[in-house]
2 protein chains.
Amino acid sequence: MGGFPTVTDVARAAGVSRQTVSNVMNSPGIVRADTRQRVEAVIKELGYRPHASARRLRTRRSSTIGIRLDPMIDGISGSVLDRFLHALTEQADAQGLRVLLFTATSPEDEITQFRRLNDGADVDGFVLTSTFAGDPRTHWLIENGISFVTFGRPWGVDDMNDPQHLWVDVDGWAGLHEATRAQQEAGARRVAYIGWPSPSGSGDERRRGWYDAMTERGDVSADDLAELEIVTPDGVSQGTAAMARLRQNAGRIDAVLCASDSLALGAMIANPERVPVTGYDNTPVAAAIGLSSVDQAVDEVAAGVLALLTGEFGGKVHGAPESAEPRHRLVTPRLVVREFAAIPMDVPQDVRLDVPQSVPQSVPQDVPLDVPLDVPQ
Amino acid sequence: MGGFPTVTDVARAAGVSRQTVSNVMNSPGIVRADTRQRVEAVIKELGYRPHASARRLRTRRSSTIGIRLDPMIDGISGSVLDRFLHALTEQADAQGLRVLLFTATSPEDEITQFRRLNDGADVDGFVLTSTFAGDPRTHWLIENGISFVTFGRPWGVDDMNDPQHLWVDVDGWAGLHEATRAQQEAGARRVAYIGWPSPSGSGDERRRGWYDAMTERGDVSADDLAELEIVTPDGVSQGTAAMARLRQNAGRIDAVLCASDSLALGAMIANPERVPVTGYDNTPVAAAIGLSSVDQAVDEVAAGVLALLTGEFGGKVHGAPESAEPRHRLVTPRLVVREFAAIPMDVPQDVRLDVPQSVPQSVPQDVPLDVPLDVPQ
DNA sequence: AAGAAAAGTTTGATCGATCAAATATTTTCG
DNA sequence: CGAAAATATTTGATCGATCAAACTTTTCTT
């Protein structure tokens with residue numbers, strides 16, 4: 001009559017004790033088969049569902065993980081975080097975990113939220129995104145013994161092997177290496193790279209992937225290689241400007257790789273010769289425009305994050321330092337090849353580094369464009 | 001020494017009873033000022049935080065709202081849902097509410113999740129997105145007396161005034177009406193519209209906004225108006241095809257309005273005369289390409305959803321049918337005007353309705369493109 | 001100033017589940 | 001067969017907070 005049935009109701013109906021009902025749900029192994037079946041039948045019949053809060057109060061665990069919903073999710077590159085969030089939620093659901101969102105305006109504010117959610121037993125652990133060098137969040141979490149896994153490796157010196165810090169990341173080096181190889185195999189020799197200024201954890205990784213592939217091949221001189229590289233902050237208009245500069249200074253270009261889809265989209269604009277352009281992140285924009293792009297395998301990342309969070313270490317290292325279980329995972333991204341220049345674009349022949357006043361800006365000012373996922377700010 | 005301090009610890013340290021501590025937190029008004037200050041000081045000193053699960057067990061409310069993370073969030077149009085989710089989380093946080101995510105593969109599956117989360121006292125109510133005609137979810141929730149608010153009005157006959165169903169929606173009519181007016185004021189007379197096939201709840205609304213603005217002005221004949229309208233399923237390549245058809249059949253065109261940014265992006269491609277194109281949703285793509293677009297004011301939508309969910313009705317109607325408080329909100333979208341054709345595009349003169357085999361497809365096949373937010377499936 | 005009313009505070013019970021320890025039952029084996 | 005061991009089940013206590021009702025103190029009324 002009242003609300004929902006409780007363990008006591010089920011126990012009475014099945015002619016057993018509360019604890020046996022509890023055991024059927026949590027340690028089926030220790031209940032005799034016939035008893036278990038009887039209880040299970042009653043559970044189904046009454047439509048019994050355990051009361052999550054009561055269980056959490058007693059067990060002191062919430063089966064919930066917290067993740068900050070990043071404001072930069074609005075940008076083009078933000079969609080990687082979206083897809084990650086979706087994959088994480090889906091896979092968490094499948095193993096009985098819930099995902100709780102929160103927002104924060106700064107790393108300090110985020111730490112406040114950590115405390116609030118942890119003290120209130122709202123969550124068992126956290127998933128962090130957008131890590132950066134000297135990230136105060138990871139230090140705080142480690143100090144306070146709170147479980148967490150980061151999507152993105154720690155960028156500080158030596159932090160990468162900190163056994164207290166569990167992480168999953170995408171191998172940007174491999175992504176660019178494969179993308180470069182793909183262009184070379186398609187006949188390209190002079191493959192240019194538009195990247196971000198160093199130091200940038202993930203940016204430097206990606207650049208190295210391109211650089212290594214180029215030097216392994218060995219058919220471009222060091223001087224030429226230097227000409228084929230250009231750095232710029234992230235953004236569509238920056239990509240356009242960088243491409244224009246490349247065309248002025250680098251001589252023949254057979255293909256262009258970019259550190260982000262934003263740059264790639266921009267590069268596409270100042271690309272009348274329709275040189276193949278490859279971006280990074282495989283965002284919807286890339287898909288719509290028909291750009292090849294390196295896809296961060298968010299499903300694998302999510303799986304890795306959950307495995308570490310629920311695995312042997314329970315998201316943190318409690319003893320067992322001799323364990324062989326790896327404390328991080330490096331996921332290899334996938335290159336998504338698309339028909340080149342699906343959208344034919346043309347550009348006035350007089351494109352200069354500084355966009356002339358008489359021509360409309362190629363990027364409107366009203367939207368802050370897409371800080372990429374993992375660039376330290 | 002053990003874990004965190006509890007009410008009992010605080011009570012002891014402050015020399016009061018548990019209940020007084022509880023009152024300080026929940027009904028400060030009934031505690032004498034000096035007592036309250038003393039207790040508050042102790043709370044701060046001990047760093048006491050209430051245990052969320054214990055509170056929920058006792059009060060039978062979770063201060064958490066559930067929302068399904070939609071798979072279609074990956075598409076271009078999906079970013080509206082993203083932005084809504086972010087706004088919702090931010091504003092929920094501000095009023096002490098948590099947001100819990102879940103995924104589902106179908107409306108039926110979603111109902112299963114509703115049951116699970118509700119029975120377990122995980123959530124107090126739900127926010128639904130992507131409503132469609134005959135949506136089984138809302139019926140189920142109403143039947144089971146579970147609180148919910150939808151982003152998107154109910155599309156069934158008479159459903160819109162169903163007093164059991166609280167909703168917030170964006171006024172697509174007003175959006176298109178304003179966009180049309182804006183073009184007319186800029187000197188356009190023959191404004192075309194690329195929309196979705198009827199019946200489509202939100203699609204029909206938007207079309208009506210354009211249609212009404214055009215007939216109010218009255219300088220285009222009914223025949224011409226029919227020529228200026230074209231319907232097609234959503235998608236970039238569909239937009240391109242539609243635009244090409246318009247150019248063949250509609251005579252002069254001064255401006256084009258589209259039911260989505262996907263269509264607008266497509267239309268942009270087959271637009272050598274650089275007729276102004278306006279999209280809908282103000283997605284990152286529109287921002288990057290420099291398309292004008294109708295922005296669904298997600299902040300206002302989120303505020304409205306929360307107000308209804310926590311307001312007089314608590315997300316559902318329990319008596320008080322004579323109340324004057326509105327049971328739904330219609331938010332007026334904002335037109336974001338951008339410099340036209342920020343990205344110069346050109347198209348071969350021989351664009352035909354069927355894309356020739358020798359020319360690369362304008363949209364790659366490997367990505368399911370962007371079902372818009374509110375199109376019934 | 002006495003009694004009533006209001007305001008402030010405390011006590012015991014309770015939400016629904018699980019833990020720890022006790023008890024009952026079945027199995028094993030000399 | 002019967003005692004010890006192994007297995008199965010039950011009982012009482014507990015997690016941390018709030019509710020409901022009892023109790024104490026202060027304020028108001030006449």
Side-chain angles (χ1 to χ4, degrees), chain A residues 1-40 42-43 46-64 96 116-122 124, chain B residues 1-40 42-43 46-64 96 116-122 124:
Chain A
M1 26 210 68
F4 300 100
T6 71
V7 267
T8 307
D9 299 326
V10 174
R12 187 168 23 234
V16 298
S17 69
R18 303 186 312 273
Q19 186 59 43
T20 297
V21 177
S22 174
N23 287 336
V24 167
M25 311 208 71
N26 301 301
S27 332
I30 70 169
V31 181
R32 208 171 23 175
D34 59 330
T35 312
R36 187 177 64 233
Q37 281 158 13
R38 189 154 35 101
V39 172
E40 279 168 348
V42 173
I43 286 178
L46 297 186
Y48 166 76
R49 296 270 155 188
H51 191 288
S53 292
R55 167 181 284 164
R56 292 205 271 258
L57 171 59
R58 193 63 181 89
T59 60
R60 314 190 124 285
R61 56 177 53 248
S62 63
S63 297
T64 301
R116 185 173 62 84
L117 293 171
N118 186 68
D119 290 3
D122 272 314
D124 288 336
Chain B
M1 32 211 65
F4 300 101
T6 71
V7 267
T8 308
D9 299 325
V10 175
R12 188 167 23 232
V16 297
S17 68
R18 303 187 314 273
Q19 186 60 41
T20 298
V21 176
S22 174
N23 286 336
V24 167
M25 312 208 70
N26 300 302
S27 334
I30 69 169
V31 181
R32 208 170 30 179
D34 59 330
T35 313
R36 186 178 65 232
Q37 281 157 14
R38 189 154 35 101
V39 172
E40 279 169 348
V42 174
I43 287 179
L46 297 187
Y48 165 76
R49 296 268 155 189
H51 191 288
S53 291
R55 168 180 282 163
R56 292 205 269 260
L57 171 58
R58 194 62 182 91
T59 61
R60 314 189 125 286
R61 56 179 48 248
S62 63
S63 297
T64 301
R116 185 172 63 85
L117 293 171
N118 186 67
D119 290 3
D122 273 314
D124 288 335

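Throughout, protein chains are lettered first and strands after them, A, B, ... in sequence-line order, and every chain is numbered starting at 1. When reading the values below, keep in mind they use all heavy atoms of this one structure, side chains included, and skip hydrogens, waters and symmetry mates.
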note = Between A:Thr8 and B:Arg36, whichever has its closest DNA chain C nucleotide further toward 5' is B:Arg36
query = Between atom CG in A:Leu57 and atom C1' in D:dA17, what is the gap in whole Å?
reply = 8 Å
B:Val16 versus B:Arg38, closest heavy-atom pair with distance = CG1-NH1, 4.0 Å
task = Check whether any side-chain heavy atom of A:Glu40 sits under 4.5 Å from a side-chain heavy atom of A:Val31, and report yes or no.
result = no
Atom-to-atom span, CZ of B:Arg12 to C1' of C:dT10 - whole angstrom = 16 Å
message = In whole Å, I'd like the distance from the CZ atom of B:Arg56 to the P atom of C:dC15.
response = 19 Å
Least distance between heavy atoms, B:Arg18 atom then B:Thr8 atom = CD-OG1, 3.7 Å
key: Rounded distance in Å - CG (A:Asp34) to P (D:dT7)   = 17 Å
request  = Write down the distance between NE2 (B:His51) and P (C:dA17), rounded to a whole number of angstrom.
outcome  = 16 Å
query = Under the 3.5 Å rule, do the base of C:dT14 and the side chain of B:Arg58 count as making a donor-acceptor pair?
reply = yes
request  = Could you check how far CG of A:Asp9 sits from C1' of C:dC15, rounded to whole Å?
outcome  = 13 Å
Nearest heavy atoms of B:Ile43 and B:Val10, plus distance in Å = CG1-CG1, 3.9 Å
task = Scan B:Arg61 against the nucleic acid and name what it touches under 4.0 Å (heavy atoms): base, sugar-phosphate only, or nothing.
result = nothing
inquiry  = Please report the distance, rounded to the nearest Å, between CZ in B:Arg32 and P in C:dA6.
reply    = 19 Å
ask   = Is B:Thr35 touching bases, backbone alone, or none of the nucleic acid, heavy atoms closer than 4.0 Å?
value = sugar-phosphate
request  = May I have the distance from A:Ile30 (atom CD1) to C:dT26 (atom P), rounded to whole angstrom?
outcome  = 17 Å
inquiry  = Does a side-chain N or O of A:Arg55 approach OP1 or OP2 of C:dT18 to a distance below 4.0 Å, or not?
reply    = yes
inquiry  = Any salt bridge linking A:Arg56 with B:Asp122? Criterion: basic side-chain nitrogen under 4.0 Å from a carboxylate oxygen.
reply    = yes
key: Spacing of CD belonging to B:Gln19 relative to OG belonging to B:Ser27, to within rounding of 0.5 Å   = 8.0 Å
message = Give the residues of residues 17-26 of chain A touching DNA chain C, defined as any heavy atom closer than 4.0 Å, sorted by residue number.
response = A:Arg18, A:Gln19, A:Ser22, A:Asn26
Nucleotide nearest A:Val31 (side chain, heavy atoms from C-beta), chosen from D:dT18, C:dC19, D:dT9 = D:dT9
task = Report yes if some heavy atom in the side chain of A:Tyr48 is under 4.5 Å from a heavy atom in the side chain of A:Val7; otherwise report no.
result = yes
